[in-house]
Amino acid sequence: MSRLLRIDRVSKVFPGQVALDNVDLDITAGSTHALVGQNGSGKSTLIKILCGYHEPTGPSSATYFGHGDLTEGTPLRLGDGDAAAEAGIRFVHQDLGLVDGLSAAENISMGAGYIKKPGGRIDWQAHSKRASDALAELGFTDLDV
């Protein structure tokens, strides 16, 4: 598999707390990566830097090697959500953002926006199709959305 993203020397310091200290990470295309560690080990902080919620502290770098609208070897601006989106990088955050009691289609619609019929009513059939199509792209074809 080929390298997709290289991150070098990522640090993040909050007042009185070092959350990340010179983290390096290689992500390869076609693979799944999981961040595992104790509470407070910096997992969420690293993801928040990649998706643009936090900026790293001090010098760091990231290089993007393919896919999306960027060319191979493009420097990626850490702490910039638009840069991550432009590179086609997406994140699956902890399920705390999901609403129990709502379907997958309804949860997806809360983040992606609502498709409406003429007259302003929500088109739930279109929402179910969008959710099914998105999950099928990930290889999940037998789910009741």
Side-chain angles (χ1 to χ4, degrees), residues 1-116 122-145:
M1 289 184 215
S2 62
R3 180 186 285 174
L4 183 62
L5 179 66
R6 171 76 186 157
I7 301 166
D8 294 299
R9 302 176 321 277
V10 175
S11 295
K12 181 63 180 176
V13 178
F14 295 103
Q17 178 68 40
V18 176
L20 298 172
D21 187 16
N22 287 313
V23 172
D24 295 335
L25 178 66
D26 273 311
I27 298 175
T28 55
S31 62
T32 301
H33 295 266
L35 299 176
V36 179
Q38 297 177 350
N39 287 344
S41 63
K43 303 176 302 286
S44 295
T45 302
L46 179 60
I47 293 299
K48 287 178 180 180
I49 287 172
L50 289 172
C51 72
Y53 186 80
H54 291 310
E55 290 188 17
T57 303
S60 61
S61 68
T63 306
Y64 182 71
F65 292 96
H67 306 293
D69 296 331
L70 301 179
T71 59
E72 186 169 331
T74 300
L76 180 68
R77 294 178 313 277
L78 293 173
D80 183 340
D82 291 336
E86 184 180 350
I89 299 171
R90 302 294 182 264
F91 303 91
V92 178
H93 296 279
Q94 294 175 350
D95 64 353
L96 300 175
L98 300 177
V99 177
D100 287 340
L102 294 184
S103 69
E106 291 166 326
N107 270 286
I108 289 170
S109 296
M110 285 182 13
Y114 293 95
I115 302 168
K116 296 188 178 173
I122 295 173
D123 187 343
W124 290 113
Q125 185 174 2
H127 284 271
S128 293
K129 181 174 178 0
R130 175 174 63 185
S132 293
D133 291 349
L135 290 168
E137 284 184 34
L138 297 172
F140 301 102
T141 57
D142 295 331
L143 295 176
D144 180 6
V145 298

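Since the structure is predicted, the reported quantities are computational estimates derived from the model, not experimental observations.
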*Under 3.5 Å donor-acceptor, T141 side chain and A136 backbone*: no
*So, K12 side chain and E55 main chain: donor-acceptor pair closer than 3.5 Å or not?*
yes
So do [Y] and [X] actually touch side chain to side chain, heavy atoms under 4.5 Å?
X    : Y    : answer
I108 : V145 : no
D24  : D8   : yes
I49  : I7   : no

*Does any pair with a residue in residues 130-145 pass salt bridge (Lys or Arg N to Asp or Glu O under 4.0 Å), and if so which ones, sequence neighbours excluded?*
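The answer is K129-D133.
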*Which salt bridge (Lys or Arg N to Asp or Glu O under 4.0 Å) pairs, counting each pair once, include a residue from residues 25-40, with sequence neighbours left out?*
R3-D26, R6-D26
*Please list, chain by chain and in numerical order, all residues satisfying side chain to side chain contact (heavy atoms under 4.5 Å, CB included) with A126, sequence neighbours excluded.*
I115, D123
Closest heavy-atom contact between [X] and [Y]?
X    : Y    : result
N107 : L102 : ND2-O, 3.4 Å
V18  : D21  : CG1-CB, 4.1 Å
A131 : A105 : CB-CA, 3.8 Å
L46  : L35  : CD2-CD1, 4.1 Å
L20  : G42  : CD2-O, 3.5 Å

*With sequence neighbours left out, what residues match T63 under side chain to side chain donor-acceptor pair (under 3.5 Å)?*
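Not a single residue meets the side chain to side chain donor-acceptor pair (under 3.5 Å) criterion with T63.
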_The criterion is salt bridge (Lys or Arg N to Asp or Glu O under 4.0 Å); which residues satisfy it with R9, sequence neighbours excluded?_
none
_Spacing of L138 atom CG and L143 atom CG [to the nearest 0.5 Å]_ =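 Nearest 0.5 Å value for the CG-CG distance: 10.0 Å.
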*Give, for atom CD1 of I27 and atom OG1 of T32, the distance between the pair rounded to the nearest 0.5 Å.*
11.0 Å
*With no hydrogens and no angle check, do the side chains of E106 and S103 hold a donor and an acceptor under 3.5 Å apart?*
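Looking only at side-chain atoms, S103 and E106 do form a donor-acceptor pair, the distance falling under 3.5 Å.
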*For Y114, all residues meeting ring-ring contact (aromatic ring centres under 6.0 Å, His included), sequence neighbours excluded*: H127
